[in-house]
2 protein chains.
Amino acid sequence: METIPDLRSYGGADAYLRNCASREVLDFLSSKWVCLTIGALRPGTMRFSELRRRLDGITQKMLTQSLRDCERNGLVLRTVYPTVPPRVEYRLTDLGQSLAGLTDAIRIWSESHMSDIQVAQGEYDERAARAPEPV
Amino acid sequence: METIPDLRSYGGADAYLRNCASREVLDFLSSKWVCLTIGALRPGTMRFSELRRRLDGITQKMLTQSLRDCERNGLVLRTVYPTVPPRVEYRLTDLGQSLAGLTDAIRIWSESHMSDIQVAQGEYDERAARAPEPV
DNA sequence: CGGTATCCTTTCTGATACTG
DNA sequence: CAGTATCAGAAAGGATACCG
(Lines give C-alpha, C1' and ligand atoms only; values in the text may rest on other atoms or scores of the structure.)
Protein backbone atom coordinates (compact mmCIF):
# COMPACT_ATOMS: atom_id res chain seq x y z
CA MET A 1 0.00 0.00 0.00
CA GLU A 2 1.30 3.42 -0.88
CA THR A 3 1.37 6.50 1.23
CA ILE A 4 -0.12 9.59 -0.32
CA PRO A 5 0.65 12.26 2.23
CA ASP A 6 -0.48 15.52 0.66
CA LEU A 7 -2.03 15.82 -2.75
CA ARG A 8 -1.88 19.59 -2.97
CA SER A 9 1.66 19.20 -4.17
CA TYR A 10 3.64 16.44 -5.75
CA GLY A 11 4.94 13.71 -3.47
CA GLY A 12 4.69 16.12 -0.59
CA ALA A 13 7.03 18.57 -2.27
CA ASP A 14 6.18 22.25 -1.93
CA ALA A 15 8.49 24.89 -3.34
CA TYR A 16 6.82 27.51 -1.14
CA LEU A 17 8.50 25.94 1.89
CA ARG A 18 12.04 27.10 2.50
CA ASN A 19 13.44 23.71 3.45
CA CYS A 20 11.83 21.70 0.69
CA ALA A 21 14.31 20.31 -1.82
CA SER A 22 12.08 21.46 -4.67
CA ARG A 23 12.88 25.04 -3.64
CA GLU A 24 16.52 24.35 -4.50
CA VAL A 25 15.48 22.88 -7.83
CA LEU A 26 13.47 25.99 -8.60
CA ASP A 27 16.37 28.21 -7.58
CA PHE A 28 18.66 26.26 -9.87
CA LEU A 29 16.25 26.64 -12.79
CA SER A 30 16.23 30.37 -12.05
CA SER A 31 19.93 30.76 -12.67
CA LYS A 32 20.90 33.04 -15.47
CA TRP A 33 21.84 30.68 -18.32
CA VAL A 34 19.90 27.49 -17.63
CA CYS A 35 16.82 28.37 -19.67
CA LEU A 36 18.85 29.28 -22.76
CA THR A 37 21.18 26.30 -22.35
CA ILE A 38 18.34 23.80 -22.15
CA GLY A 39 16.58 25.51 -25.03
CA ALA A 40 19.66 25.40 -27.23
CA LEU A 41 19.97 21.66 -26.67
CA ARG A 42 16.34 20.99 -27.34
CA PRO A 43 16.69 20.39 -31.10
CA GLY A 44 19.55 17.95 -30.57
CA THR A 45 23.19 17.34 -29.75
CA MET A 46 25.58 20.28 -29.67
CA ARG A 47 29.27 20.75 -29.10
CA PHE A 48 30.71 23.11 -26.52
CA SER A 49 31.83 25.68 -29.09
CA GLU A 50 28.47 25.57 -30.85
CA LEU A 51 26.69 26.30 -27.60
CA ARG A 52 29.08 29.11 -26.89
CA ARG A 53 28.27 30.78 -30.18
CA ARG A 54 24.54 30.22 -29.76
CA LEU A 55 24.35 31.72 -26.26
CA ASP A 56 25.50 35.16 -27.28
CA GLY A 57 27.44 36.88 -24.52
CA ILE A 58 28.09 33.85 -22.33
CA THR A 59 31.63 33.34 -21.07
CA GLN A 60 33.44 30.03 -21.23
CA LYS A 61 33.34 29.80 -17.49
CA MET A 62 29.61 30.32 -17.20
CA LEU A 63 28.82 27.91 -20.02
CA THR A 64 30.96 25.24 -18.37
CA GLN A 65 29.32 25.90 -15.03
CA SER A 66 25.82 25.89 -16.48
CA LEU A 67 26.42 22.63 -18.35
CA ARG A 68 28.01 20.97 -15.29
CA ASP A 69 25.09 21.94 -13.11
CA CYS A 70 22.63 20.68 -15.71
CA GLU A 71 24.60 17.45 -15.96
CA ARG A 72 24.71 17.02 -12.20
CA ASN A 73 20.96 17.52 -11.99
CA GLY A 74 20.33 14.90 -14.64
CA LEU A 75 19.14 17.26 -17.36
CA VAL A 76 22.11 17.01 -19.71
CA LEU A 77 24.34 14.16 -20.84
CA ARG A 78 27.99 14.86 -21.64
CA THR A 79 29.90 12.63 -24.05
CA VAL A 80 33.64 12.93 -24.56
CA TYR A 81 35.25 11.48 -27.67
CA PRO A 82 38.94 10.84 -26.95
CA THR A 83 40.22 12.37 -30.15
CA VAL A 84 42.81 15.06 -30.69
CA PRO A 85 41.62 17.70 -30.40
CA PRO A 86 38.92 16.49 -28.01
CA ARG A 87 35.29 16.48 -29.09
CA VAL A 88 32.65 16.92 -26.42
CA GLU A 89 28.96 16.64 -27.15
CA TYR A 90 26.02 17.65 -25.01
CA ARG A 91 22.44 16.50 -25.29
CA LEU A 92 19.34 16.52 -23.14
CA THR A 93 18.34 13.51 -21.11
CA ASP A 94 14.70 12.41 -21.02
CA LEU A 95 14.38 14.41 -17.83
CA GLY A 96 15.84 17.42 -19.59
CA GLN A 97 13.48 16.98 -22.52
CA SER A 98 10.54 16.91 -20.12
CA LEU A 99 11.63 20.32 -18.87
CA ALA A 100 12.69 21.91 -22.14
CA GLY A 101 9.16 22.58 -23.35
CA LEU A 102 8.41 24.55 -20.21
CA THR A 103 11.55 26.68 -20.24
CA ASP A 104 11.12 27.32 -23.95
CA ALA A 105 7.61 28.57 -23.23
CA ILE A 106 9.05 31.08 -20.78
CA ARG A 107 11.64 32.24 -23.31
CA ILE A 108 9.04 32.62 -26.05
CA TRP A 109 6.79 34.52 -23.66
CA SER A 110 9.70 36.88 -22.98
CA GLU A 111 10.21 37.44 -26.67
CA SER A 112 6.57 37.88 -27.55
CA HIS A 113 5.74 40.22 -24.63
CA MET A 114 8.93 42.23 -24.75
CA SER A 115 7.26 45.38 -26.04
CA ASP A 116 4.38 45.18 -23.54
CA ILE A 117 6.95 45.14 -20.78
CA GLN A 118 8.91 48.02 -22.24
CA VAL A 119 5.72 50.08 -22.35
CA ALA A 120 4.89 49.17 -18.74
CA GLN A 121 8.39 50.13 -17.64
CA GLY A 122 8.14 53.47 -19.39
CA GLU A 123 4.81 54.26 -17.73
CA TYR A 124 6.03 53.17 -14.31
CA ASP A 125 9.21 55.24 -14.55
CA GLU A 126 7.30 58.26 -15.78
CA ARG A 127 4.83 58.02 -12.89
CA ALA A 128 7.70 57.64 -10.44
CA ALA A 129 9.46 60.68 -11.89
CA ARG A 130 6.33 62.83 -11.89
CA ALA A 131 5.19 62.01 -8.36
CA PRO A 132 8.38 61.61 -6.31
CA GLU A 133 6.50 62.24 -3.07
CA PRO A 134 3.04 63.62 -2.30
CA VAL A 135 3.87 66.95 -0.56
CA MET B 1 -0.38 45.50 -44.88
CA GLU B 2 1.65 44.08 -42.04
CA THR B 3 5.35 43.50 -41.88
CA ILE B 4 6.42 40.06 -40.76
CA PRO B 5 10.16 40.42 -40.49
CA ASP B 6 11.39 37.16 -39.03
CA LEU B 7 9.13 34.37 -37.96
CA ARG B 8 11.75 32.37 -36.14
CA SER B 9 11.20 34.64 -33.18
CA TYR B 10 8.48 37.02 -32.07
CA GLY B 11 8.50 40.49 -33.55
CA GLY B 12 12.18 40.09 -34.26
CA ALA B 13 12.94 39.43 -30.59
CA ASP B 14 15.52 36.75 -29.84
CA ALA B 15 16.60 36.07 -26.27
CA TYR B 16 19.69 34.28 -27.57
CA LEU B 17 21.11 37.65 -28.63
CA ARG B 18 22.85 39.55 -25.88
CA ASN B 19 21.49 42.96 -26.80
CA CYS B 20 17.89 41.97 -27.36
CA ALA B 21 15.50 43.41 -24.79
CA SER B 22 13.86 40.02 -24.41
CA ARG B 23 17.11 38.79 -22.85
CA GLU B 24 16.58 41.27 -20.02
CA VAL B 25 13.01 40.07 -19.62
CA LEU B 26 14.21 36.49 -19.37
CA ASP B 27 16.87 37.49 -16.85
CA PHE B 28 14.24 39.24 -14.76
CA LEU B 29 12.00 36.17 -14.80
CA SER B 30 15.01 34.18 -13.63
CA SER B 31 15.37 36.13 -10.42
CA LYS B 32 14.97 34.18 -7.24
CA TRP B 33 11.48 35.07 -6.06
CA VAL B 34 9.57 36.03 -9.19
CA CYS B 35 8.20 32.57 -9.97
CA LEU B 36 6.86 32.05 -6.45
CA THR B 37 5.51 35.60 -6.22
CA ILE B 38 3.57 35.32 -9.46
CA GLY B 39 2.35 31.89 -8.48
CA ALA B 40 1.14 33.08 -5.09
CA LEU B 41 -0.92 35.81 -6.73
CA ARG B 42 -2.41 33.53 -9.34
CA PRO B 43 -5.49 32.53 -7.31
CA GLY B 44 -6.31 36.16 -6.53
CA THR B 45 -5.57 39.30 -4.56
CA MET B 46 -3.19 39.10 -1.62
CA ARG B 47 -1.91 41.51 0.99
CA PHE B 48 1.76 42.13 1.67
CA SER B 49 1.78 40.22 4.92
CA GLU B 50 -0.09 37.30 3.39
CA LEU B 51 2.51 37.03 0.65
CA ARG B 52 5.27 37.21 3.19
CA ARG B 53 3.85 34.26 5.07
CA ARG B 54 3.23 32.29 1.88
CA LEU B 55 6.76 32.74 0.50
CA ASP B 56 8.47 30.96 3.35
CA GLY B 57 11.93 32.36 4.01
CA ILE B 58 11.63 35.57 2.02
CA THR B 59 12.76 38.76 3.71
CA GLN B 60 10.70 41.91 3.73
CA LYS B 61 13.27 43.58 1.54
CA MET B 62 13.23 40.89 -1.12
CA LEU B 63 9.44 40.68 -1.18
CA THR B 64 9.18 44.43 -1.64
CA GLN B 65 11.80 44.36 -4.35
CA SER B 66 10.23 41.42 -6.13
CA LEU B 67 6.79 43.03 -6.06
CA ARG B 68 8.14 46.40 -7.23
CA ASP B 69 9.94 44.77 -10.14
CA CYS B 70 6.84 42.82 -11.08
CA GLU B 71 4.80 46.00 -10.86
CA ARG B 72 7.28 47.94 -12.98
CA ASN B 73 7.22 45.22 -15.62
CA GLY B 74 3.43 45.31 -15.78
CA LEU B 75 2.84 41.91 -14.19
CA VAL B 76 1.39 43.04 -10.87
CA LEU B 77 -0.99 45.79 -9.83
CA ARG B 78 -0.57 47.45 -6.43
CA THR B 79 -3.52 49.07 -4.69
CA VAL B 80 -3.15 51.16 -1.55
CA TYR B 81 -6.14 51.80 0.70
CA PRO B 82 -5.47 54.94 2.76
CA THR B 83 -6.60 53.47 6.06
CA VAL B 84 -4.81 53.31 9.38
CA PRO B 85 -2.99 51.01 9.45
CA PRO B 86 -2.47 50.98 5.68
CA ARG B 87 -3.84 48.14 3.60
CA VAL B 88 -1.99 47.24 0.41
CA GLU B 89 -3.27 44.66 -2.02
CA TYR B 90 -1.49 43.01 -4.89
CA ARG B 91 -2.97 41.21 -7.86
CA LEU B 92 -1.87 40.04 -11.26
CA THR B 93 -2.52 42.10 -14.36
CA ASP B 94 -3.73 40.40 -17.54
CA LEU B 95 -0.11 40.30 -18.64
CA GLY B 96 0.83 38.68 -15.34
CA GLN B 97 -1.97 36.13 -15.70
CA SER B 98 -0.69 35.23 -19.16
CA LEU B 99 2.66 34.39 -17.60
CA ALA B 100 1.49 32.74 -14.39
CA GLY B 101 0.52 29.47 -16.05
CA LEU B 102 4.01 29.09 -17.45
CA THR B 103 5.88 29.86 -14.24
CA ASP B 104 3.53 27.60 -12.29
CA ALA B 105 4.38 24.81 -14.72
CA ILE B 106 8.06 25.27 -13.91
CA ARG B 107 7.37 25.22 -10.17
CA ILE B 108 5.23 22.09 -10.44
CA TRP B 109 7.91 20.43 -12.55
CA SER B 110 10.42 21.22 -9.80
CA GLU B 111 8.15 19.65 -7.20
CA SER B 112 7.25 16.57 -9.21
CA HIS B 113 10.80 15.80 -10.38
CA MET B 114 12.54 16.66 -7.14
CA SER B 115 13.45 13.05 -6.33
CA ASP B 116 14.70 12.32 -9.86
CA ILE B 117 17.07 15.22 -9.48
CA GLN B 118 18.22 14.14 -6.04
CA VAL B 119 19.04 10.71 -7.44
CA ALA B 120 20.94 12.23 -10.36
CA GLN B 121 22.91 14.44 -7.98
CA GLY B 122 23.81 11.49 -5.81
CA GLU B 123 25.05 9.49 -8.79
CA TYR B 124 27.02 12.41 -10.18
CA ASP B 125 28.69 13.15 -6.87
CA GLU B 126 29.52 9.51 -6.30
CA ARG B 127 31.10 9.24 -9.75
CA ALA B 128 33.06 12.42 -9.13
CA ALA B 129 34.29 11.11 -5.77
CA ARG B 130 35.27 7.71 -7.14
CA ALA B 131 37.13 8.95 -10.22
CA PRO B 132 38.83 12.16 -9.13
CA GLU B 133 41.37 11.92 -11.96
CA PRO B 134 42.37 9.13 -14.30
CA VAL B 135 46.01 8.41 -13.22
C1' DC C 1 0.78 47.27 8.35
C1' DG C 2 3.77 47.99 4.98
C1' DG C 3 7.17 49.67 4.10
C1' DT C 4 12.64 52.50 3.78
C1' DA C 5 17.41 52.89 4.70
C1' DT C 6 21.70 51.04 5.85
C1' DC C 7 25.25 47.88 6.37
C1' DC C 8 27.36 43.66 5.53
C1' DT C 9 28.10 39.02 3.58
C1' DT C 10 27.66 35.85 0.06
C1' DT C 11 27.12 34.65 -4.53
C1' DC C 12 27.53 35.52 -9.27
C1' DT C 13 29.88 36.91 -13.18
C1' DG C 14 33.44 38.30 -16.23
C1' DA C 15 38.34 38.87 -17.56
C1' DT C 16 42.54 36.81 -18.03
C1' DA C 17 46.03 33.35 -18.24
C1' DC C 18 47.22 28.67 -18.79
C1' DT C 19 46.71 23.35 -20.26
C1' DG C 20 46.17 18.35 -22.19
C1' DC D 1 38.83 22.11 -28.76
C1' DA D 2 37.36 22.17 -24.39
C1' DG D 3 38.35 23.05 -20.76
C1' DT D 4 40.75 24.64 -15.53
C1' DA D 5 42.47 28.14 -12.22
C1' DT D 6 42.66 32.51 -10.24
C1' DC D 7 41.37 37.10 -9.24
C1' DA D 8 38.58 41.16 -8.85
C1' DG D 9 34.34 43.66 -9.42
C1' DA D 10 29.33 43.63 -9.47
C1' DA D 11 25.19 42.16 -7.98
C1' DA D 12 22.13 39.68 -5.09
C1' DG D 13 20.56 38.74 -0.81
C1' DG D 14 20.00 38.98 4.31
C1' DA D 15 19.93 41.29 9.07
C1' DT D 16 18.80 45.03 11.50
C1' DA D 17 16.90 49.44 12.73
C1' DC D 18 13.66 52.86 12.02
C1' DC D 19 9.17 55.32 10.13
C1' DG D 20 4.27 57.16 8.64
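These numbers were taken from a predicted model, which means no experiment stands behind them. Below, each value reflects all heavy atoms present in this structure, side chains not excepted, and no hydrogens, waters or symmetry copies.
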Interatomic distance where CG belongs to A:Leu67 and C1' belongs to D:dA2 [whole Å]: 11 Å

Donor on one side chain, acceptor on other, B:Thr37 and B:Ser66, under 3.5 Å: yes

Rounded distance in Å - CZ (B:Phe28) to P (D:dA12): 12 Å

Presence of B:Arg47 side-chain N/O under 4.0 Å of C:dG2 phosphate oxygens OP1/OP2: yes

Where protein sits on nucleotides 14-20 of chain C, one letter per nucleotide: B base, S sugar-phosphate only, - none, heavy atoms under 4.0 Å: BB----B

A:Glu89 CD to D:dA2 C1', straight-line distance once rounded to whole Å: 13 Å

Nearest-angstrom distance from the residue atom CZ of A:Arg68 to P of D:dG3: 5 Å

Sidechain-backbone polar pair: B:Thr59 side chain, B:Met62 backbone, donor-acceptor under 3.5 Å: yes

Whole-Å gap separating P (C:dT10) and CG (A:Asp27): 18 Å

Under 3.5 Å donor-acceptor, B:Ser22 side chain and B:Ala15 backbone: yes

Worked verdict on B:Arg68 versus B:Arg78 for side-chain contact (heavy atoms from CB on, under 4.5 Å): CA-CA 9 Å; B:Arg68 285 292 179 287; B:Arg78 178 174 179 263; 3.6 Å; yes

Single-linkage hydrophobic cluster, 4.5 Å side-chain cutoff, B:Leu92 and B:Ile106 together: yes

Residue-phosphate contact under 4.0 Å: A:Arg53 side-chain N/O, D:dA2 OP1/OP2: no

Nucleotide D:dG14, atom C1' - distance to CZ of B:Arg52 in whole Å: 12 Å

Distance, rounded to the nearest Å, where A:Gln65 contributes CD and C:dT13 contributes P: 7 Å

Separation of atom CG in A:Leu51 from atom C1' in D:dG3, rounded to whole Å: 14 Å

Heavy-atom donor-acceptor pair, A:Thr93 side chain to A:Gly96 backbone, under 3.5 Å: yes

Under 4.0 angstrom between B:Tyr90 side-chain N/O and C:dC1 OP1 or OP2: no

Charged tip of B:Arg23 within 45° of B:Tyr16 ring normal and under 6.0 Å: no

